[in-house]
Structure formats: C-alpha cells, structure tokens
Q: 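Quick one: structure below, then a few questions.
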Amino acid sequence: MRRLTLNLFTMAKAKKSIPAKKEKLSVVTPSGKKENSFFEQVYEVARQIPRGRVTSYGAIAFCLGTKLSARMVGWAMNGAGQVKPKVPAHRVVNRNGMLSGKHHFGGNTMQKLLEKEGIKVKNDTVVDFEKKFWDPSDQLF
DNA sequence: CGCCTGACGAAAC
DNA sequence: GGTTTCGCCAGGC
C-alpha cells in the first residue's frame, strides 16, 4: 500500500522538472480578488481533472512548483465553489485518497458526486485511488 | 502589524 | 507503525 502510494508520488516526482508555467488567469479568489495568483493556478489545474478521475492536493501543489504548500491548494479549493468555471473540487482529495473536503461540501455531497462519476468511495476514501489518480503534470504538456 | 488558522504532507517522536 | 509536530503561504481578525 505504502509502496503504491510512494510510487504514484514518485511518478509525479519523476515527471518533475516540469516548468509548470501557468499564468494569465482571471478568476476570483476566495477573498474576491480578481488577479493572477496561486489560487487561480490551482483552479485551473483542478479544472483539468478528467471526469471519473481524482488527484491530490499535493500533486497539484507539486505541479505548480509549490509542493511544500499543499495546504494552500486545499485552502484554495475553499473558493472553488465560488469561481465561475465550476471547479471539480470533489475530485481533489488528500494523498490518502480520503475525502477530507467532504465536510466542506456539506453532508456527503462530495461522495455522491464522485460515485456519480464512477468513483467508488468507501469510508470517506476513494477506492482504487491509485488507479483513479490523475497526474496534474499531464495537462502541462 | 502580529498571531492564529487551514479541504496537506512529510519528517520526527 | 501510530501519533504528534513542523513547514508552507495567504487571509482573517
């Protein structure tokens, strides 16, 4: 298990060396600011997540070059529901595949959305997380 | 202007 | 191997 997790993370790392240059975005940050910032980058990446797939905060952060700030990614999702182009925040979970954000969706909305996309959720955790995992780095190319 | 908090993650105990 | 602590960075108070 751990090895698998390690693998997928390693995978992300392997793909590293990616410039990860995402700019000129105009989205509204949680605070209401309309400027290019870390948040918009997160939103954009999140929006790239294919239906039926999931990714982790850390992966996104990594993709943006701020892997040490996975927290910011998660926090950025806080405003995901406010931005116009809907951001599939429900497809973003923590590195364990756990729906850590379901609490913010209210009830089990998050889980329902995921299951609707064919993702099985058990005990607030994505089943076969590794298989459903989508590397944000892919969309950079 | 400084302190606390936060949808994470990884190292240290 | 489970639990606690710290780091990161931006925003709220």
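Chain letters run A, B, ... following the sequence lines, proteins first, then strands; residues in each count from 1.
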Q: If I take atom CZ in residue A:R91 and atom C1' in nucleotide B:dA7, what distance separates them, rounded to the nearest angstrom?
A: 17 Å
Q: Do you know the tightest heavy-atom contact between A:S56 and A:F129?
A: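 Shortest heavy-atom contact: CB-CZ, 4.4 Å.
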Q: Whole angstroms only, please: what is the CG-P distance between A:N78 and B:dC8?
A: 11 Å
Q: Would the number of heavy atoms belonging to other residues, nucleotides or ligands and lying under 6.0 Å from NZ of A:K86 be above 12?
A: yes
Q: How about A:T55 and A:I60: do any of their side-chain heavy atoms sit closer than 4.5 Å?
A: yes
Q: Starting at CG of A:L114, measure out to CZ of A:R51 and round the result to the nearest 0.5 Å.
A: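 Those atoms lie 10.5 Å apart.
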Q: Between residues 112-128 of chain A and DNA chain B, which residues have a heavy-atom gap below 4.0 Å?
A: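 Here the set is empty: none.
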Q: Summarise how protein sits on nucleotides 4-9 of chain C as a single string, 5' to 3': B when a protein heavy atom is under 4.0 Å from the base, S for sugar-phosphate-only contact, - for no contact.
A: ---BBB
Q: If you check every side-chain atom of A:F39, which of B:dG9, B:dA7, C:dG11 has the closest atom?
A: C:dG11
Q: How close do A:K132 and A:G52 get, heavy atom to heavy atom, and via which atoms?
A: CD-O, 3.8 Å
Q: On a heavy-atom basis, which atom in A:A80 and which in A:A89 lie closest, and how many Å separate them?
A: CB-CB, 3.9 Å
Q: Nearest whole Å is fine: how far is C:dA10 C1' from A:L64 CG?
A: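 My rounded result for the distance is 15 Å.
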Q: Expressed in angstrom and rounded to an integer, what is the separation of A:K102 atom NZ from B:dC8 atom P?
A: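 Rounded to whole Å, this separation is 14 Å.
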Q: Just by distance, do the side chain of A:T125 and the backbone of A:N123 share a donor-acceptor pair under 3.5 Å?
A: yes
Q: Starting at atom CE of A:M77, determine the distance to atom C1' of C:dA10, rounded to an integer number of angstrom.
A: 16 Å
Q: Does anything in residues 96-121 of chain A form a salt bridge (charged side-chain N to carboxylate O under 4.0 Å, His left out)? List the pairs, not counting sequence neighbours.
A: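 For residues 96-121 of chain A, and leaving out neighbouring residues, the salt bridge (charged side-chain N to carboxylate O under 4.0 Å, His left out) pairs sorted by first residue read A:R91-A:E117, A:K102-A:D124.
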Q: What integer distance in Å separates A:H103:NE2 from B:dT5:C1'?
A: 15 Å
Q: Does A:Y43 use its side chain to pair, donor to acceptor, with the backbone of A:A76 at less than 3.5 Å?
A: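 Here the side-chain-to-backbone pair exists.
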Q: Using a 4.0 Å heavy-atom cut-off across all strands, classify A:A89 as base, sugar-phosphate, or nothing.
A: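 Answer is base: heavy atoms of A:A89 come under 4.0 Å of a base.
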